[in-house]
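In what follows, a structure is listed as C-alpha cells, so that the remarks can point back to it.
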Amino acid sequence: MSTPILRQALDPLRIADLLAEAGWSGPLPVLLATTESTNADAIRLATDGAPEGSCVVAEEQTAGRGRLGRTWSSPPHAGLWLSVVVRAAEQPRPRLAWLALVAGLAARDAIRSLGSVPVALKWPNDLVIETAACGGGGGPVKFGGILSEALADGTVILGIGINVSMRTAELPFPNATSLFLESGPQDREALLAALLVHLRDRLEQWRANDPRLAEDYQRACLTIGRRVEVSMPDGSVIRGICESIDADGHLVVDTQGNRATITAGDVIHATI
C-alpha cells in the first residue's frame, strides 16, 4: 500500500497547465466544492449549449447517481467525481451504448499512464482491480464506475467516479477498493487531465469506427470468457458463458447452446 497523500482541493491552475501540456483544446473543467450530482450539473450545461468536452468536477457529491436508479455519496477530496458532455447527435442511436465502454477504457488508459496498478473493466460500467483472486475465486474488486445518460437531442453525459484516496472504512460497500489501497496513483489533478485527454482520443476512435477500440475493450474486459450470472431489469436471471461484446456494445452470453444478447443488467462473475 502506498503512503496516502494529503487531501486538498483540486488546483485549477495546475489542471489548466497539465491540459495545455497535453494539447487539450476543449473547455476547462468546472470545479465545484460540493454538489448533489455532477451528471445533473452537466445536463444543465449541455442544455445551455455547452460544447463537447465540457466537464463538471465535484470535490464532494451528496446524491450521486448510479446505474438502475441507485444513489451514493462520496467523502470530500477522496476521489475523482466528474461528468463530461459528449455531442453525439450525428451517430445512430444504437451506437450510443458504446460510450460507457469508451469512458471505461479512457479511465483505464489514464490510470495506467500514471502507474502500474492492474486496472481492468467489468461490463458494462465497472472499473476494477485485477487481483490474483480473480482467477482463484475472489473476483475483481471495484474502485470506480461509469454512468451514461442520453438526452433527447443525442447528447450523452458520461459520469465517471473513481475512488482515489479512500480508506477501507470510507468505502461504500465491502467488495470495493481505492487507488490508495492498491498502491495506485493519487494525484487527482494529473488523473483528471489524463482522463480528459484519453477520453478525447477514444471518442475519436469511436467516431471513426476504428476496430482497435473494440479490440482494446475485449482485451481489457474481464467479463469476456467467464461464466456469468446476469440479473435482468425484469427480475429474470440469465446464466452462461460470456462470449463477446457485440457491435453495439451489448453482452453476448452462451446459455447452453443458445445466445442471449444483454443490453442492460447486473453481471456477477461466477467463482466456479
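Starting from 1, each residue takes its place in the sequence as its number.
Atom-to-atom distance recorded for Gln186:CD and Leu179:CG is 7.5 Å, nearest 0.5 angstrom. Taking CG of Leu99 as the start and CH2 of Trp206 as the end, the distance is 4.0 Å to the nearest 0.5 Å. If you take NE2 on His269 and CG on Asp126, they are separated by 8.5 Å, rounding to the nearest 0.5 Å. How far CD of Glu189 is from CG of Leu10: 5.5 Å, rounded to the nearest 0.5 Å. One distance of note links CG of Leu195 with CG of Leu82; it measures 5.5 Å at 0.5 Å rounding. Here the straight-line distance linking atom OG of Ser231 with atom CD1 of Ile268 works out to 5.5 Å at 0.5 Å rounding.
The closest side-chain heavy-atom distance from Phe143 to Ile111 is below 4.5 Å. Pro27 is listed as a side-chain neighbour of Pro51, based on a closest heavy-atom distance under 4.5 Å. Residues Leu121 and Leu127 have side chains in contact (heavy-atom distance under 4.5 Å, counting atoms from C-beta outward). Between Ile15 and Leu28, the closest side-chain pair of non-hydrogen atoms is not below 4.5 Å. At least one side-chain heavy atom of Ile262 sits under 4.5 Å from a side-chain heavy atom of Trp123. By the 4.5 Å heavy-atom criterion applied to side chains, Val141 and Asn175 are counted as neighbours. Side-chain contact between Ser165 and Arg7: present, with at least one pair of heavy atoms (C-beta onward) separated by less than 4.5 Å. With a 4.5 Å cut-off on side-chain heavy atoms, Leu196 and Pro29 count as touching.
Considering every non-hydrogen atom in both Asp254 and Gly257, the closest pair reads OD1-N, 2.8 Å. In plain terms, the two heavy atoms of Pro185 and Val164 that are nearest each other are O-CG1, 4.1 Å. Heavy atoms only, all atoms of each residue included: Ala50 and Val85 are closest at O-CG1, 4.2 Å. Scanning both residues, Pro124 and Leu101, for their nearest heavy atoms gives O-CD2, 3.3 Å. Across every non-hydrogen atom of Cys55 and Val84, the tightest pair is SG-CG2, 4.1 Å.
Judged as a salt bridge (Lys or Arg N to Asp or Glu O under 4.0 Å), not a single pair has a partner in residues 94-108 (not counting sequence neighbours). For residues 43-61, the salt bridge (Lys or Arg N to Asp or Glu O under 4.0 Å) pairs, not counting sequence neighbours, are Asp41-Arg44, Glu52-Arg207, Glu59-Arg188. The stretch residues 195-204 participates, sequence neighbours left out, in these side chain to side chain donor-acceptor pair (under 3.5 Å) pairs: Asp109-Arg202, Arg202-Gln205, Arg202-Asp216.
Under a 3.5 Å cut-off, the side chain of Thr35 and the backbone N or O of Thr38 do not form any donor-acceptor pair. Side chain of Ser178 to backbone of Asn163: no donor-acceptor contact under 3.5 angstrom is found. Between the side chain of Lys142 and the backbone N or O of Phe173 there is no donor-acceptor pair closer than 3.5 Å.
With sequence neighbours excluded, the residues that form a side-chain contact (heavy atoms from CB on, under 4.5 Å) with Pro211 are Glu215. Listed by chain and residue number, Glu229 satisfy the salt bridge (charged side-chain N to carboxylate O under 4.0 Å, His left out) test with Arg239 (two or more places apart in sequence, or in another chain). Applying the side-chain contact (heavy atoms from CB on, under 4.5 Å) criterion to Ala214, with sequence neighbours excluded, gives Trp98. Residues meeting the side-chain contact (heavy atoms from CB on, under 4.5 Å) test with Ser236, sequence neighbours left out: Met232, Asp234. Applying the salt bridge (charged side-chain N to carboxylate O under 4.0 Å, His left out) test to Asp11 and every residue at least two apart in sequence or in another chain returns nothing. Applying the side-chain contact (heavy atoms from CB on, under 4.5 Å) rule to Glu21 yields the partners Leu18; only residues at least two apart in sequence or on another chain are considered.
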For the pair Val128 and Leu222, evaluate side chain to side chain contact (heavy atoms under 4.5 Å, CB included) and give the outcome as yes or no after the intermediate values.
-> CA-CA 9 Å; Val128 300; Leu222 295 182; 3.9 Å; yes

Could you please spell out the steps behind the side chain to side chain contact (heavy atoms under 4.5 Å, CB included) verdict for Leu114 and Leu191?
-> CA-CA 8 Å; Leu114 299 173; Leu191 182 56; 4.1 Å; yes

Hey, mind stepping through Val237 and Val230 against side chain to side chain contact (heavy atoms under 4.5 Å, CB included) and telling me if it holds?
-> CA-CA 5 Å; Val237 177; Val230 187; over 6 Å; no

Please lay out, stage by stage, how Arg167 and Phe180 fare under the test side chain to side chain contact (heavy atoms under 4.5 Å, CB included).
-> CA-CA 8 Å; Arg167 281 68 162 177; Phe180 158 63; 4.1 Å; yes

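Remark: the Thr62 side chain and the Glu36 side chain contain no N/O donor-acceptor pair separated by less than 3.5 Å.
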Distance-only donor-acceptor hits, side chain of residues 241-253, under 3.5 Å, sequence neighbours excluded:
unit_1: Glu243; atom_1: OE1; unit_2: Arg259; atom_2: NE; d: 2.9
unit_1: Glu243; atom_1: OE1; unit_2: Arg259; atom_2: NH2; d: 3.1
unit_1: Asp246; atom_1: OD1; unit_2: Asp248; atom_2: N; d: 2.9
unit_1: Asp246; atom_1: OD1; unit_2: Gly249; atom_2: N; d: 3.1
unit_1: Asp246; atom_1: OD1; unit_2: His250; atom_2: N; d: 2.9

Side-chain donor-acceptor contacts of residues 151-162 below 3.5 Å, not counting sequence neighbours, with atom names and distances?
unit_1: Asp153; atom_1: OD1; unit_2: Thr155; atom_2: N; d: 2.9
unit_1: Asp153; atom_1: OD1; unit_2: Thr155; atom_2: OG1; d: 3.0
unit_1: Asp153; atom_1: OD2; unit_2: Thr155; atom_2: OG1; d: 3.3
unit_1: Thr155; atom_1: OG1; unit_2: Arg87; atom_2: NH1; d: 2.6

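Between Asp187 and Arg14 there is a salt bridge, since at least one side-chain N of the basic residue sits less than 4.0 Å from a carboxylate O of the acidic one.
Chaining together hydrophobic side chains whose heavy atoms lie under 4.5 Å apart places Leu45 alongside Val30, Leu32, Val56.
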